[in-house]
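Here the structure is laid out as structure tokens; the discussion comes afterwards.
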Amino acid sequence: METRDQTVFNENIHTKNNTASTPNYNNPAFTDHSFSEAERDALYQTIFSRRDVRGQFTSKPVPEEVLSRILTAAHYAPSVGFMQPWNFILIRKDETKQRVHNLFKKAHDEAADMFEGEKRDTYKNLKLEGIKESPLNICITCDKDRTGPIVIGRTHIKAMDLYSTVCAVQNLWLAARSEGVGVGWVSILDQKKLKQILKLPKRVTPVAYLCLGYVSEFFDKPELQLAGWLPRLPMADVVNFEEFDKTADDPFATSLLETLEQNQRSIEDGQYRK
Ligand SMILES: Cc1cc2c(cc1C)N(C[C@H](O)[C@H](O)[C@H](O)COP(=O)(O)O)c1[nH]c(=O)[nH]c(=O)c1N2
């Protein structure tokens with residue numbers, strides 16, 4: 001049976017004098033869940049000013065309470081079937097960092113040979129890690145057996161545990177940015193050798209090797225964009241309608257694409273620069 005409170009709620013969220021099934025979207029019952037403008041701005045500021053940091057780390061240690069907030073943000077990420085497949089391995093010892101850096105050096109040389117001519121020279125000049133300069137490295141791993149073999153949501157797409165772990169990486173990255181802590185992801189590494197260094201069991205995958213620390217500066221734009229490696233794609237290239245790579249020209253689509261273009265222009269012009 002419906003309680004009195006439920007009846008009042010149901011009356012409130014439906015437009016008076018309208019069919020019972022038409023919700024009144026202007027009613028506070030629908031809008032109360034959004035954050036204030038200042039709170040939203042803070043979130044978007046975090047998102048648009050987050051950077052992958054390689055060469056601007058300072059040696060200032062990240063205090064325990066800050067690190068604790070950042071790690072907790074990561075742990076509160078969504079995960080398939082709520083399996084929380086991640087571990088956060090904190091790497092503080094120079095010796096371990098040196099071993100991982102050796103892996104990077106080897107893989108980086110191998111990678112350079114995959115590019116040709118001018119691209120190879122540009123690649124060689126890019127700074128692509130801050131393993132030794134950053135005070136803390138964190139490896140975020142994925143344990144596919146965390147909650148047994150059958151996981152809600154992973155029954156048909158096996159990689160869902162890896163995707164979940166990446167959600168934790170992104171939470172960590174954004175929380176760190178809001179704390180003024182830079183994060184750089186290093187994936188130019190031999191994964192099997194990294195597993196050996198960190199003594200990961202067979203079932204555990206190292207998803208992200210991250211370098212963390214306070215920075216002298218956060219760049220405005222991705223370093224690969226500033227170096228002319230690749231541009232930021234226009235939103236219209238990645239927003240499709242009904243089918244992959246398909247656009248539309250009805251009034252809704254046209255207006256949405258125009259708004260997306262304006263938003264992107266103001267971000268590129270530094271709306272969220274800090
Ligand atoms: C899965 C994955 C793996 C890597 C990266 C990112 C992600 C998501 N990125 C960082 C990447 O280059 C960077 O995110 C883009 O260039 C965009 O720049 P911002 O992150 O916006 O600054 C990265 N950067 C780097 O210097 N060395 C690396 O090995 C990697 N690997």
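Remember, it's 1-based here, ligands and their atoms both numbered in the order they're listed.
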Problem set entry | Residue shell around ligand 1, heavy atom under 4.0 angstrom | R50, R51, D52, R54, L128, W185, V186, S187, I188, P222, L224
Problem set entry | Aromatic plane relationship, Y123 with H108 - under 30° parallel, 30 to 60° tilted, over 60° perpendicular | tilted
Exercise. Only one of R54, K127, K97 forms a salt bridge (Lys or Arg N to Asp or Glu O under 4.0 Å) with E133, so which one is it?
Worked result: K127
For this session: Is it possible for you to say whether V62 and L174 belong to one hydrophobic cluster, with membership spreading through side-chain heavy-atom contacts below 4.5 Å?
Result: no
Exercise. Does the side chain of D52 reach to within under 4.5 Å of the side chain of L224, using non-hydrogen atoms?
Worked result: no
For this session: Following the transitive rule for hydrophobic clusters with a side-chain heavy-atom cut-off under 4.5 Å over Ile, Leu, Val, Met, Phe, Trp and Tyr, establish whether W173 and L212 coincide in one cluster.
Result: yes
Exercise. Taking D161 as the fixed residue, which of R154, K144, R203 is the one that meets the salt bridge (Lys or Arg N to Asp or Glu O under 4.0 Å) rule?
Worked result: R154
